Protein chains: 2
Amino acid sequence: MAKAKKEALDLSTEEKIKEAAGVVFTKKGYGNARTRDIAEEAGINLALLNYYFRSKEKLFQIVMAERIEKLFGVLAPILNDASTTLDEKLENITENYINMLLEHPDLPIFVLSEIRNNPEQLANRLQAPKILKESAFVRQLMERRSDINPLHFVINLLGMNLFPFVAKPVLQPIMGNEDFYRQMMEQRKKLIPMWMKLMLDHS
Amino acid sequence: MAKAKKEALDLSTEEKIKEAAGVVFTKKGYGNARTRDIAEEAGINLALLNYYFRSKEKLFQIVMAERIEKLFGVLAPILNDASTTLDEKLENITENYINMLLEHPDLPIFVLSEIRNNPEQLANRLQAPKILKESAFVRQLMERRSDINPLHFVINLLGMNLFPFVAKPVLQPIMGNEDFYRQMMEQRKKLIPMWMKLMLDHS
DNA sequence: AAATTATTTAATCAAATGATTAATTACTGC
DNA sequence: GCAGTAATTAATCATTTGATTAAATAATTT
């Protein structure tokens, strides 16, 4: 039985719809998702969707805000934590990201492709520029290696974490079964910080 | 004036439609693209689209096959080239990839998100597993570092190259203008092989 | 329990959208 | 120049789809 179905038993109608919208939007994207798909997934009448959320677009905005927060919200607290070292931040980010992504593997491709479809509306919601200039992480990085462009470093860190999930549909057939995929992602929890430290320490 | 418009002058109708479909599908994705958008972009009557290509779906398949080839086709010849060293392959892949991606920045997110929407149909078209087991690249890699999982290595290589483009809508606001973005991607042509060699050489 | 409000449903609407048709124009071989 | 084929167009169809409506049911208030 699908996850949403069993959760539905004890959720309010509004929550059921939001949950179902999350499932359907994330799986198919805004353009391929039908409000009827969402209603069916939620086990409710189609009219209820509009009763609670006015429109497909409004419902999508709500789901999208949650997903953006889930995908990027993990970062800020870790990057801004003044009490951890740079190395610890690399480990914390990777550990948190991979754990979250193993639970929500389709999150990155969904968020990134929807941002592509609507950059002006969605991209500015991210406080990315601010974090990148003012975070403890970037400060520590520049102190340690003033010759390394923090942006390249962050791109590599995020890329190593996110890319295997963005490309999962391509990688999965290579790896065979789901278990082996998970196993490799588990390995990366240790490997990614190690590789990032190599970049940090090379002369 | 849009690229398609000026090319349109000397292209056959069929080619105009295919070009326009490429533009519209790549920008909006299958679900968000309207056949009318494509017809307008091509400067032709809507009925002509079906006259030449039968259906939106058929047209999409043709465009998609081209794009998959463009995104992954670069890889095979380089990975299989027995006459180059491992280090040279890293440089060749990166140089080729970044050049191509600077011309087609929205290609990766398009292909990956469409594969997500239709994995069974699209993912198996890639001969990825074969390449990964049998390529000169993997052979050389295993000879040099039998302790490194080639799959992790390839994920990192592809991630470093592709991720900045997959995440371009997010990164762009951080970088400010387009020129600075291009400049950073140019830098990565040298940096990515260097980082990959670090992973290869670490003890 | 009557009245009021909130929730839910079936039926329906109107617009969007992929596709087709029938007629028109352009082209090609003779 | 004409017959026949190919290319193109405007108009239209049939479905799909987001949204609404009016009626029914459930919950809450008084």
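Note that the structure is a prediction, hence the values are computed from the model and not measured. Below, chains carry the letters A, B, ... as their sequence lines are ordered, and counting in each starts from 1. Side-chain atoms are counted along with the backbone in the values below, which use heavy atoms only and exclude waters and symmetry mates.
Between the P atom of D:dA7 and the NZ atom of B:Lys16 lies a distance of 13 Å, rounded to the nearest Å. Rounding to whole angstrom units, CG of residue A:Asn32 and C1' of C:dA16 are separated by 16 Å. D:dA11 atom P lies 16 Å from atom CG of B:Leu48, rounded to whole Å. Separating the CG atom of B:Leu59 from the C1' atom of C:dG18 is a distance of 12 Å, rounded to the nearest angstrom. Protein atom NZ of A:Lys58 is 15 Å distant from nucleotide atom P of D:dG18, rounded to whole Å. For the pair A:Glu40 CD and D:dT16 C1', the computed distance is 15 Å after rounding to whole Å. Rounded to whole Å, atom C1' of D:dT25 lies 17 Å from atom CD1 of A:Ile44.
Looking only at side-chain heavy atoms (C-beta outward), B:Leu141 and B:Leu200 come within less than 4.5 Å of each other.
Ring orientation note: the planes of B:Tyr30 and B:Phe25 are close to parallel, at an angle under 30° on the 30°/60° scale.
For the side chain to side chain donor-acceptor pair (under 3.5 Å) with A:Glu91, the qualifying choice from A:Lys190, A:Lys189, A:Lys197 is A:Lys197, the only one to do so.
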Shorter than 3.5 Å, N or O on both sides, protein versus nucleotides 19-22 of chain D: list them out with atom names.
| from | atom 1 | to | atom 2 | distance (Å) |
| --- | --- | --- | --- | --- |
| D:dA19 | OP2 | A:Lys56 | N | 2.7 |

So which protein N/O to nucleotides 25-28 of chain C N/O distances come out below 3.5 Å?
none

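Every residue two or more places apart in sequence or in another chain that forms a side-chain hydrogen bond (donor to acceptor under 3.5 Å, both in side chains) with B:Arg145 is listed here: B:Asp147. Taking the side-chain hydrogen bond (donor to acceptor under 3.5 Å, both in side chains) definition, one finds that B:Lys18 meets it with nothing, sequence neighbours left out.
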Between side-chain atoms of residues 157-174 of chain A and protein atoms elsewhere (two or more places apart, or another chain), which donor-acceptor pairs fall under 3.5 Å?
| from | atom 1 | to | atom 2 | distance (Å) |
| --- | --- | --- | --- | --- |
| A:Asn161 | ND2 | A:Leu157 | O | 2.9 |
| A:Lys168 | NZ | A:Glu178 | OE1 | 3.4 |
| A:Lys168 | NZ | A:Glu178 | OE2 | 3.1 |
| A:Gln172 | NE2 | A:Glu178 | OE1 | 2.9 |

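In this structure, B:Arg54 places its CZ atom where only 12 or fewer heavy-atom neighbours from other residues, nucleotides or ligands lie under 6.0 Å away.
Here the side chain of A:Tyr52 is nearest to one of C:dG18, C:dT8, D:dA7, namely C:dT8.
Applying the side chain to side chain donor-acceptor pair (under 3.5 Å) test to residues at least two apart or on different chains, the pairs with a partner in residues 132-142 of chain B are B:Lys89-B:Gln140.
If you check every strand for non-hydrogen atoms under 4.0 Å, A:Phe53 touches nothing. No engagement by A:Ala39 is indicated, since no non-hydrogen atom pair under 4.0 Å with the nucleic acid exists.
Using a 4.0 Å cut-off, no side-chain N or O of B:Arg34 falls inside it from OP1 or OP2 of C:dA16. For C:dT7, neither phosphate oxygen OP1 nor OP2 lies less than 4.0 angstrom from any side-chain nitrogen or oxygen of A:Thr13.
Note that CZ of B:Phe153 and CG of B:Leu132 are 12.0 Å apart. Values are rounded to the nearest 0.5 Å.
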